[in-house]
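Working notes, beginning with the structure itself.
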Number of protein chains: 2
Amino acid sequence: MRDLLAITKALADSNRIRILTMLRAGELCVCQIVEVLGLAPSTVSTHLSILYGAKLVESSKRGRWVYYRLADPHASALVSDCIEWVIRSVENDETIEEDREKVARVISVCPEELCRTSNQS
Amino acid sequence: MRDLLAITKALADSNRIRILTMLRAGELCVCQIVEVLGLAPSTVSTHLSILYGAKLVESSKRGRWVYYRLADPHASALVSDCIEWVIRSVENDETIEEDREKVARVISVCPEELCRTSNQS
DNA sequence: TCCTCATTTCGACATATAACGAATTATAAC
DNA sequence: GTTATAATTCGTTATATGTCGAAATGAGGA
């Protein structure tokens with residue numbers, strides 16, 4: 001029950017749903033997500049920690065940046081089924097569509113922007 | 001997004017999860033659910049209205065009693081997939097097991113109890 | 001070493017939510 | 001009609017949650 005509630009509570013916020021669906025595009029670092037959502041970095045960090053606590057996302061630190069991605073589907077069927085369900089549920093949502101475009105822009109257009117997107121190390 | 005959030009918020013509470021899984025047994029009236037959860041009738045009624053607003057449950061009034069049941073699977077694939085996911089998620093949960101037994105008792109043992117279980121009209 | 005910057009943690013505040021009892025509504029029995 | 005009762009709605013209270021800015025943490029680069 002505890003795990004279930006961690007997941008459902010994590011999903012009970014529109015910004016966290018947006019983050020989750022944004023991560024379909026692959027790994028994103030915190031500052032990229034901040035850019036898309038337009039929230040304070042501290043707020044986004046809190047959202048990510050809630051998603052992380054529910055095991056809906058994983059993270060890796062590379063240099064100064066922390067990258068978040070959707071949880072490995074092999075880790076838990078319940079989690080991956082749930083993520084798939086969320087993705088299906090937001091089809092045709094306007095905000096989600098806008099986010100998708102913003103993510104594409106943030107990933108490609110920003111080479112040495114505030115957040116150097118693909119800088120390894 | 002609105003529908004999705006109505007559902008995830010509805011699922012983000014342990015008592016509502018308990019109600020939802022209790023309804024696997026079939027229709028239950030409010031007073032039966034009150035009996036199992038041990039909450040005030042007004043509280044249970046509020047929980048049910050939240051589940052109803054998310055279209056996770058349906059209801060029918062018969063006489064003075066209002067019966068609630070899980071939403072018709074034909075109504076929405078998203079909703080029924082979600083209910084199935086919840087059911088799978090609570091397998092082996094202690095509280096849920098206890099609820100199942102309480103429900104069985106409440107359904108069968110109470111003929112002219114506080115809530116006459118199967119009284120039509 | 002010291003500085004810069006991405007991220008997290010902390011403290012504060014506003015809003016949302018769960019719970020209750022009291023009052024209200026609706027239906028049936030008398 | 002009047003009464004009894006199942007359920008809902010309302011008002012209140014306590015707790016949880018989302019948000020921010022400021023301070024702390026941690027990893028590179030000068």
Side-chain angles (χ1 to χ4, degrees), chain A residues 2 5-20 27-54 57-69 106 110 112-121, chain B residues 2 5-20 27-54 57-69 106 110 112-121:
Chain A
R2 208 156 147 200
L5 281 175
I7 293 175
T8 55
K9 281 172 186 283
L11 297 179
D13 177 272
S14 63
N15 287 318
R16 289 195 291 270
I17 296 288
R18 291 174 67 187
I19 292 175
L20 218 49
E27 283 190 331
L28 293 174
C29 73
V30 181
C31 56
Q32 293 175 314
I33 299 172
V34 166
E35 191 64 25
V36 174
L37 294 183
L39 294 173
S42 59
T43 303
V44 170
S45 184
T46 302
H47 283 312
L48 286 165
S49 78
I50 290 169
L51 290 169
Y52 186 85
V57 302
E58 300 168 351
S59 69
S60 14
K61 187 163 196 170
R62 288 207 294 282
R64 267 175 292 186
W65 292 272
V66 178
Y67 289 85
Y68 284 87
R69 59 183 173 280
V106 164
C110 112
E112 38 262 338
E113 192 90 18
L114 254 162
C115 197
R116 296 99 193 159
T117 309
S118 356
N119 267 11
Q120 311 289 105
S121 93
Chain B
R2 209 156 146 197
L5 282 175
I7 293 175
T8 56
K9 281 172 186 283
L11 298 179
D13 177 272
S14 62
N15 287 318
R16 288 195 291 270
I17 296 289
R18 290 174 68 187
I19 292 175
L20 219 49
E27 284 190 330
L28 292 174
C29 72
V30 180
C31 56
Q32 292 175 314
I33 299 172
V34 165
E35 191 64 25
V36 174
L37 294 183
L39 295 173
S42 60
T43 304
V44 171
S45 184
T46 303
H47 282 312
L48 286 165
S49 79
I50 290 170
L51 290 169
Y52 186 84
V57 302
E58 301 168 352
S59 70
S60 15
K61 186 163 196 170
R62 288 208 293 281
R64 266 175 292 185
W65 292 273
V66 178
Y67 289 85
Y68 284 88
R69 58 183 174 279
V106 165
C110 111
E112 36 263 337
E113 192 90 18
L114 253 163
C115 196
R116 298 96 190 161
T117 309
S118 356
N119 266 13
Q120 310 289 106
S121 87

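Just so it is clear: chains get the letters A, B, ... in the order the sequence lines come, proteins before strands, and each one is counted from 1.
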Side chain Thr43(A) and base dG18(D) donor-acceptor under 3.5 Å: no
Length of the line joining Leu37(A):CG and dG18(D):C1', which is rounded to integer Å: 13 Å
Nucleotide nearest Arg64(A) when distance is taken to its side chain, options dT7(C), dG28(D), dA4(D): dG28(D)
Closest listed nucleotide, where the reference is the side chain of Ser42(B) and the choices are dT7(C), dG21(C), dA22(D): dG21(C)
Interatomic distance where CD1 belongs to Ile19(A) and P belongs to dT7(C) [whole Å]: 12 Å
N/O (side chain, Lys9(B)) to phosphate O (OP1/OP2, dT17(C)) under 4.0 Å: yes
side-chain N/O Arg16(B) vs dA18(C) OP1/OP2, d < 4.0 Å: yes
Distance (rounded to the nearest 0.5 Å) between Leu11(A) CG and Leu5(B) CG: 9.5 Å
Sugar-phosphate, base or nothing in reach of Leu39(A), heavy atoms under 4.0 Å: sugar-phosphate
Phosphate contact (dT17(D) OP1 or OP2) by His47(A) side-chain N/O below 4.0 Å: no
Trp65(A) CH2 to dT4(C) P, straight-line distance once rounded to whole Å: 16 Å
Atom pair CD1 (Ile17(B)) and CG (Leu51(B)), whose distance is rounded to the nearest 0.5 Å: 8.5 Å
Between dG18(D) (P) and Ile17(A) (CD1): distance, integer Å: 12 Å
Sugar-phosphate, base or nothing in reach of Ile50(B), heavy atoms under 4.0 Å: sugar-phosphate
Length of the line joining Asn15(B):CG and dA19(C):P, which is rounded to integer Å: 5 Å
Chi angles and distances behind the side chain to side chain contact (heavy atoms under 4.5 Å, CB included) call for Leu39(A), His47(A): CA-CA 11 Å; Leu39(A) 294 173; His47(A) 283 312; 4.3 Å; yes
Atom pair distance, as rounded to whole Å: CG in Leu48(A) and P in dG18(D): 13 Å
Residue mapping more 5' on DNA chain D - nearest nucleotide basis, Pro41(A) or Thr46(B): Thr46(B)
Below 4.0 Å: OP1/OP2 of dA6(D) and any side-chain N or O of Tyr68(B): no
Side chain Ser45(A), main chain Ser42(A), donor-acceptor under 3.5 Å: no
Audit row: Thr43(A), Thr46(A), side chain to side chain contact (heavy atoms under 4.5 Å, CB included) steps and yes/no: CA-CA 5 Å; Thr43(A) 303; Thr46(A) 302; 5.7 Å; no
Nearest-angstrom distance from the residue atom CG of Asp13(B) to C1' of dT15(D): 13 Å
Gap between atoms NZ and P, on Lys61(A) and dG26(D) respectively (whole Å): 7 Å
